[in-house]
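So that the names make sense, note that chain A is the first sequence line, chain B the second, and so on, each numbered from 1. Quick caveat, the model's predicted, so the values are computed rather than measured.
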Amino acid sequence: MKPSIPKGTRDFGPAVVNRRNYIFDTIRTVFVKYGYQAIETPVLENLATLTGKYGEEGDKLLFKVLNNGDFLQKANREALAAGDSAELLPSIADKGLRYDLTVPFARFVVMHQNELAFPFKRYQIQPVWRADRPQKGRYREFYQCDADVVGTNSLMNEAELVQIYDEVFQKLGVEVEIKVNNRKILYGMAEAAGIASQFMDMTIAIDKLDKIGIEGVRREMERKGIPSAAVDRVEEMLAVKTLSPLKTLMADSETGLRGIAELEEFHRYFYTYPAGNAVVFDITLARGLNYYTGCIFEVKAKKVEIGSIGGGGRYDDLTGVFGLKGVSGVGISFGADRIYLVMEELELFPDRLTDSLQVLLVAFDVATHTYAFRCLQQLRSAGINAELYPEPAKLKKQMKYANARSVPYVVLIGEDEMKRGELTLKNMATGAQDQRDLAAIIAELSA
RNA sequence: GUGAUUGUAGCUCAGUUGGUUAGAGCGCUGGAUUGUGGUUCCAGAGGUCGCGGGUUCAAAUCCCGUCUUUCACCCCA
């Protein structure tokens, strides 16, 4: 048979994994610096945990896992006979692949609430799965890097999380714009326009603003049956670029005012920090995941068109659905796969990554090969990533291999070198070479 | 999920209105070069033209299905 892998999944070769790890390591380092601790959760969750958390669209994109054993015996016969997949599903699948890391985290917090110290800050770097139609930068299996904190309402957390965004993208050299908004402000808009019941319709339309323009948003809202007077009011508020005019525009909406106050509080914390990237209030930022209730964030790369490379926000009651009330959480997510594409396109990866081979030893014959093997061990003891070509093959062959591995240095070991105890160190980039003893070589390579 | 799009050597791609033995560059293997890769020269290997079916005397080329890629919508990282 011809080997293949499922749609929207990918293999990663050594060079790619090396670069991906560079991204993961950078993110991880910053997470840890801000006090977040790692956890991991299973790939598989109970479908009951996942369904209903991501809206109707999200439910459709959940990967369901067929029950083991003779599952048809327990299947809903009527639904099966009628060909009703939706009805049949609960009787044949009770597990699914995780869709994000936030919902499993909420589940984790509830299950382990007695073992955790609150506020609890955790980070998690694991793959998630969505049964979406793949495109560039959109896969069915992709990695998320999440940091969330639960058990604190302080807006300081929002400020810190945006700092993390800023710091990570500065370290990676990716210029970004970090958009900030507050779900309560969006709700305030709906209330001020007298269409609180059509909050979601309004939000979905607004979210498309940069794609379809203000006229498109108007049409979309009118199509959903929002009266044109209300649409006018919404449009008026959408034009606002700062918080202060909103206070009068949504003076009657208690929720809206609270949202404004929250963003102001966020700003008081955040602007104590010298951000390297643009952090902007964007009233049109909506975000689809409907569990968000407070501040929301989204990160866009400035020089590459690829959709958002990070997103997050505050969710007041995500643990509530699992039976733990009154625990508020806020978190952010990095889309590692999209960040990779951005960095690839902008050629931002360092030439030499830390976990690559530093030196290849080349021996000329059987006698020097065992001698070289001893040298190899000393290099490794000194913490140098080193490799000896496994047999004393023709020099040309070994050198070609060194080239293919793009090793910066090669150590040549022949009879002369072995007798004198001085090995030939060759710089592969310049072609220069000279004789040194092993200690000098170790010193050079450790530099 | 809806509508398009893509697939030819390891990679990037040619391949005429359907016509005999499907090509190039790069890469790969061997040699020129018995202690030196990345340059040069010579030689060589490598393809069920995504897969399955159909039309035709004849299909990489046309038709249908399917898988994959990419794109728009939807949604999102």
Measure from the ring center of [X] to the ring center of [Y] and say whether it is less than 6.0 Å.
X: A:Y123; Y: A:F31; answer: yes
X: A:F349; Y: A:Y340; answer: yes
X: A:Y165; Y: A:F334; answer: yes

Under 3.5 Å between N/O atoms: give me all the protein pairs with nucleotides 27-29 of chain B, atom names plus distance.
none

Q) Do A:D282 and A:N181 meet the criterion of a side-chain donor-acceptor pair at a distance under 3.5 Å? A) no
Q: Using distance alone, with no hydrogens and no angle criterion, decide if A:E160 and A:Y269 have a side-chain donor and acceptor under 3.5 Å apart.
A: no
Base, sugar-phosphate alone, or nothing: which one does [X] contact when heavy atoms must sit under 4.0 Å apart?
X: A:Y401; value: nothing
X: A:G137; value: base
X: A:Q433; value: base

Can you measure [X] atom [atom1] to [N] atom [atom2] for me and round it to whole angstrom units?
X: A:M399; N: B:U34; atom1: CE; atom2: P; result: 16 Å
X: A:Y54; N: B:C76; atom1: OH; atom2: P; result: 12 Å
X: A:M200; N: B:C75; atom1: CE; atom2: P; result: 9 Å
X: A:L412; N: B:U34; atom1: CG; atom2: P; result: 16 Å
X: A:R138; N: B:A72; atom1: CZ; atom2: C1'; result: 10 Å
X: A:F24; N: B:A77; atom1: CZ; atom2: C1'; result: 12 Å
X: A:E56; N: B:C76; atom1: CD; atom2: P; result: 13 Å
X: A:I206; N: B:C75; atom1: CD1; atom2: P; result: 14 Å

Can you tell me, in whole Å, how much space there is between the [atom1] of [N] and that of [M]?
N: B:U8; M: B:G46; atom1: C1'; value: 14 Å
N: B:C64; M: B:G3; atom1: P; value: 15 Å
N: B:U61; M: B:U16; atom1: C1'; value: 10 Å
N: B:U70; M: B:U55; atom1: P; value: 35 Å
N: B:G31; M: B:G18; atom1: C1'; value: 43 Å
N: B:A59; M: B:U48; atom1: C1'; value: 14 Å
N: B:U69; M: B:C28; atom1: C1'; value: 26 Å
N: B:A60; M: B:C49; atom1: P; value: 7 Å

Q. Is the cationic atom of A:R314 (NZ for Lys, CZ for Arg) positioned less than 6.0 Å from the six-membered ring centroid of A:Y292 and within 45 degrees of its normal?
A. no
Q. Does NZ or CZ of A:R130 fall inside the cone over A:Y99's six-membered ring, less than 6.0 Å from its centre and within 45° of the axis?
A. yes
Q: State which residue, out of A:R140, A:K136, A:R20, fulfils the salt bridge (Lys or Arg N to Asp or Glu O under 4.0 Å) condition with A:D337.
A: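 When salt bridge (Lys or Arg N to Asp or Glu O under 4.0 Å) is applied between A:D337 and each of A:R140, A:K136, A:R20, only A:R20 qualifies.
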Q.
With a sphere of 6.0 Å drawn around CD of A:E344, does it hold more than 12 non-hydrogen atoms of other residues, nucleotides or ligands?
A. yes
Q. Does A:F12 CZ have over 12 foreign heavy atoms under 6.0 Å away?
A. yes
Q) Do the ring planes of A:Y315 and A:Y291 sit parallel (below 30°), tilted (30 to 60°) or perpendicular (above 60°)? A)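 Plane angle over 60°, so perpendicular.
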With hydrogens left out and only the distance checked, is there a donor-acceptor pair under 3.5 Å joining [X]'s side chain and the base of [N]?
X: A:K426; N: B:U36; result: yes
X: A:R130; N: B:C76; result: no
X: A:N403; N: B:G38; result: no

**Q.** Pair listing, salt bridge (charged side-chain N to carboxylate O under 4.0 Å, His left out) test, anchored in residues 382-397 of chain A, at least two apart
**A.**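 Residue pairs passing salt bridge (charged side-chain N to carboxylate O under 4.0 Å, His left out), neighbours aside: A:E387-A:R405.
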Is any side-chain nitrogen or oxygen of [X] closer than 4.0 Å to OP1 or OP2 of [N]?
X: A:Q135; N: B:A72; answer: yes
X: A:K208; N: B:C75; answer: yes
X: A:K396; N: B:G35; answer: no

**Q.** Nucleotide of B:U70, B:G35, B:C73 approaching A:K211 most closely (side-chain heavy atoms)
**A.**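 Among B:U70, B:G35, B:C73, the one nearest the side chain of A:K211 is B:C73.
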Q. Among the nucleotides B:G35, B:C75, B:G37, which one has an atom lying closest to any side-chain atom of A:M428?
A.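 Ranking B:G35, B:C75, B:G37 by closest atom to the A:M428 side chain puts B:G37 first.
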Is any NZ, NE, NH1 or NH2 atom of the basic residue among [X] and [Y] found under 4.0 Å from an Asp or Glu carboxylate oxygen of the other?
X: A:K303; Y: A:E345; result: no
X: A:D25; Y: A:R28; result: yes
X: A:R218; Y: A:E222; result: yes

Protein-nucleotides 64-68 of chain B N/O pairs closer than 3.5 Å?
from: B:U68; atom 1: OP1; to: A:K7; atom 2: N; distance (Å): 3.4
from: B:U68; atom 1: OP2; to: A:K7; atom 2: NZ; distance (Å): 3.1

**Q.** Close side-chain approach of A:V103 to A:Y54, heavy-atom, < 4.5 Å
**A.** yes
Q.
For a 4.5 angstrom cut-off between non-hydrogen side-chain atoms, does A:R122 reach A:L101?
A. yes
Q) If you round to the nearest 0.5 Å, how far is CG of A:L423 from CD1 of A:I413? A)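 Separation between the atoms: 5.0 Å.
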(Q) Before you tell me yes or no, could you show the steps for A:D100 and A:Q144 under side-chain contact (heavy atoms from CB on, under 4.5 Å), namely the whole-Å CA-CA distance, both residues' side-chain angles and the distance that decides it to 0.1 Å? (A) CA-CA 7 Å; A:D100 72 358; A:Q144 289 197 328; 3.7 Å; yes
Q.
Stacking between B:A77 and A:F142, yes or no? Criterion: centroid separation under 5.5 angstrom, plane angle under 30 degrees.
A.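 A:F142 vs B:A77: stacking yes.
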Q. Can you give the dot-bracket line for RNA chain B, using ( ) for pairs inside the strand, [ ] for pairs that cross earlier ones, | for pairs with another strand and . for unpaired bases, where Watson-Crick and G-U count if both distances are under 3.5 Å?
A. ((((..(..((((.....[...)))).(((((.......))))).....(((((..]....))))))..))))....
(Q) Here's a test of your reading of the structure: between A:V407 and A:K60, which maps to the more 5' nucleotide of RNA chain B? (A)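 Residue closer to the 5' terminus by nearest nucleotide: A:K60.
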Look for any protein N or O under 3.5 Å of an N or O in nucleotides 4-8 of chain B and output each such pair with its distance, or none.
none

(Q) Among residues 299-315 of chain A, which ones have heavy-atom contacts with RNA chain B below 4.0 Å? (A) A:S308, A:I309, A:G310
